[in-house]
Amino acid sequence: MRALASPAPSAAAYKPVTAQRTLAQPPLGLQSNKRRCICREYHEPIPYQQAWLWQKDLVAEGCSGHEPAEDTLLLLQHPPVYTLGAGSTTDHLRFDPASPPHPLYRTERGGEVTYHGPGQLVLYPIMNLKMHMQDLHWYLQSLEEVVIRALENVSGLKGERIKGCTGVWVNNEKIAAVGVRAQKWVTYHGVAMNVTTDLQPFQHIVPCGISSRGVTSVKQLAVHEGASDEELIHEYQFGLLDAFAEVFNVELVQSKPL
């Protein structure tokens, strides 16, 4: 039997912690001293290729001007898809890459193969690290910290790092994967967190190339009995955005989708 990180509340006890919240904005007439980050949320699954193209366009824009472009954060879900890192081996695929069960793409990010699908929230920050810290190790750990704080704040779960591995783990199972790339210190790709994700597609790969550990999701950990999938996704959309703003010390400004 799975050891839960915290007791599961009853269905009657479930109360959303972020109901009716909106991203904080400074009062009229006052200017925030934090760096602005444009936030674009998508509530329907976005095909992987489309989100990938948006990131490349934003990176090109961020690298082209004399003045640093504003940071942008994309928050979305994907239809089922497998992605490989730039140096990934196909040895971690448990299917013929010529006929995958879902679309398969090789990308520029670091890391091995992973799966994206509905119920998994993906953060794609396009940030100029010259305006933050020019250190990719710091950046990777900061993305992990976003997930760790969201897990604690929304569910009371203890997310952990494992030495020698990227990502965030709960009870020794991976709940969030991280893979990034930077061009002239402008970042893209990002972090993917399993909230209500169907975990079955992970069985067709060795996730992130680690065969000794499994994957999990917030829903599988059963700490929100009585909450629907939609409610959990809603909670973690807010939880991740709040944690991101806090960790990177930015002011998130909602904008229309691309």
| task | Test side-chain contact (heavy atoms from CB on, under 4.5 Å) on Phe244 and Leu252 and set out the steps. | result | CA-CA 9 Å; Phe244 185 90; Leu252 291 177; 4.1 Å; yes

| request: Flag the pair Thr196 / Val218 as yes when at least one side-chain heavy-atom distance between them is below 4.5 Å, and no otherwise. | output: no

| message | With a 3.5 Å distance limit and no angle check, can you tell me whether Glu251 reaches the backbone of Arg35 through a side-chain donor-acceptor pair? | response | no

| request: Step by step, work out the side-chain contact (heavy atoms from CB on, under 4.5 Å) result for Val191 and Val146. | output: CA-CA 9 Å; Val191 57; Val146 169; 5.8 Å; no

| task | May I ask you to decide if Thr197's main-chain N or O and Asn194's side chain share a donor-acceptor pair within less than 3.5 Å? | result | no

| query | Within a strict 4.5 Å, meaning less than it, do heavy atoms of the Tyr82 and His116 side chains meet? | reply | no

| task | Return yes if some donor-acceptor pair links the side-chain N/O of Glu112 with the main-chain N/O of Pro207 below 3.5 Å, else return no. | result | no

| request: Could you verify whether a donor N or O on one side chain and an acceptor N or O on the other, from His78 and Gln120, lie under 3.5 Å apart? | output: no

| field | Pro118 to Pro80 - nearest heavy-atom pair and separation | value | CD-CD, 3.8 Å

| request: Using modelled atom types only, decide if a donor and an acceptor are shared between the side chain of Gln77 and the backbone of Gly119 within a distance under 3.5 Å. | output: yes

| remark: To the nearest 0.5 Å, atom CG of Leu121 lies from atom CG of Leu232 at 10.0 Å

| said: Less than 6.0 angstrom separating the ring centers of Tyr105 and Tyr48, yes or no? | reply: yes

| query | What closest approach, in Å, do His189 and Pro125 show between heavy atoms, and which atom pair accounts for it? | reply | O-CD, 3.4 Å

| Pairwise distance CE(Met127) to CG(Leu58) - rounded to 0.5 angstrom | 13.0 Å

| request: Determine the minimum heavy-atom distance between Leu199 and Val215, stating which atoms define it. | output: CD1-O, 3.9 Å

| query | Going only through I, L, V, M, F, W and Y residues with side-chain contacts under 4.5 Å, is there a path from Val247 to Val180? | reply | yes

| Just by distance, do the side chain of Glu231 and the backbone of Ser228 share a donor-acceptor pair under 3.5 Å? | yes

| query | Any idea how Phe202 and Tyr115 line up, ring-wise: parallel (<30°), tilted (30 to 60°), or perpendicular (>60°)? | reply | perpendicular

| said: Looking at Ala98, is its backbone amide N or carbonyl O close enough to the side chain of Asp96 to form a donor-acceptor pair, meaning the two atoms are under 3.5 Å apart? | reply: yes

| Do the side chains of Val81 and His102 get nearer than 4.5 Å, heavy atoms only? | no

| request: Would you check if Ile205 and His92 make a side-chain contact, meaning some heavy-atom pair closer than 4.5 Å? | output: no

| query | Can Tyr236 and Ser155 be counted as having a side-chain donor-acceptor contact under 3.5 angstrom? | reply | yes

| Within-4.5 Å side-chain heavy-atom neighbours: Thr72 and Cys37 | no

| task | Treating Ile, Leu, Val, Met, Phe, Trp and Tyr as nodes and any side-chain heavy-atom pair under 4.5 angstrom as an edge, say whether Tyr139 and Met131 lie in one connected cluster. | result | no

| query | Looking at side-chain heavy atoms only, is the closest gap between Leu136 and Leu129 below 4.5 Å? | reply | yes

| Connected via hydrophobic side-chain network under 4.5 Å: Ile175 and Leu140 | yes

| field | Electrostatic pair Arg149:Glu246 at N-O distance under 4.0 angstrom | value | yes

| request: May I have the step-by-step check of side chain to side chain donor-acceptor pair (under 3.5 Å) for Glu144 and Trp169, ending in yes or no? | output: CA-CA 10 Å; Glu144 292 169 345; Trp169 310 74; over 6 Å; no

| request: Run the numbers on His224 and Glu235 for side-chain contact (heavy atoms from CB on, under 4.5 Å), then give the verdict. | output: CA-CA 11 Å; His224 289 285; Glu235 292 288 300; 6.0 Å; no

| Hey, does Thr107 have a side-chain heavy atom less than 4.5 Å from the side chain of Leu84? | no

| query | Does atom CD of Glu230 have more than 12 heavy-atom neighbours, drawn from other residues, nucleotides or ligands, at distances under 6.0 Å? | reply | no

| message | Under the criterion side-chain contact (heavy atoms from CB on, under 4.5 Å), I'd like the reasoning laid out for Arg94 against Val206: C-alpha separation, chi angles, the key distance, then a yes or no. | response | CA-CA 8 Å; Arg94 292 172 172 157; Val206 180; 3.7 Å; yes

| field | Rounded distance (nearest 0.5 Å) linking atom CZ of Arg40 with atom CG of Leu73 | value | 11.0 Å

| What are the two closest heavy atoms between Tyr124 and Ala51, and how far apart are they? | CE1-CB, 4.1 Å

| task | Determine whether Met133 and Leu143 fall in the same hydrophobic cluster, where Ile, Leu, Val, Met, Phe, Trp and Tyr are linked whenever their side-chain heavy atoms lie under 4.5 Å apart. | result | yes

| query | Between atom CD of Gln141 and atom CG of Asp135, what is the distance when rounded to the nearest 0.5 Å? | reply | 9.0 Å

| query | Going from SG on Cys165 to CD on Glu160, what distance comes out if it is rounded to the nearest 0.5 angstrom? | reply | 12.5 Å

| task | Could you pull out the closest heavy-atom pair between Val170 and Thr216, with the gap in Å? | result | O-CG2, 4.3 Å

| Do the side chains of Ile162 and Ile210 join up, straight or via other hydrophobic residues, at under 4.5 Å, putting them in one cluster? | yes

| said: Per the side chain to side chain donor-acceptor pair (under 3.5 Å) rule, what does the pair list look like for residues 53-62, sequence neighbours excluded? | reply: none

| said: Is it true that Asp71 and His132 share a donor-acceptor pair across their side chains at a distance under 3.5 Å? | reply: yes

| task | Give a yes or no on whether the backbone of Thr83 and the side-chain of Thr114 come within a donor-acceptor separation of less than 3.5 Å. | result | no

| query | Roughly how far, to the nearest 0.5 Å, is the CG atom of Leu75 from the SG atom of Cys39? | reply | 6.5 Å

| query | How about Thr187 and Arg181: do any of their side-chain heavy atoms sit closer than 4.5 Å? | reply | no

| Glu41-Gln254 side chain donor-acceptor pair, cut-off 3.5 Å | yes

| Closest non-hydrogen atom pair between Ile38 and Ser255, with its separation | CG2-CB, 3.4 Å

| said: For Arg161 and Thr166, which I'm curious about, is there any donor-acceptor pair between the side chains at under 3.5 Å? | reply: no

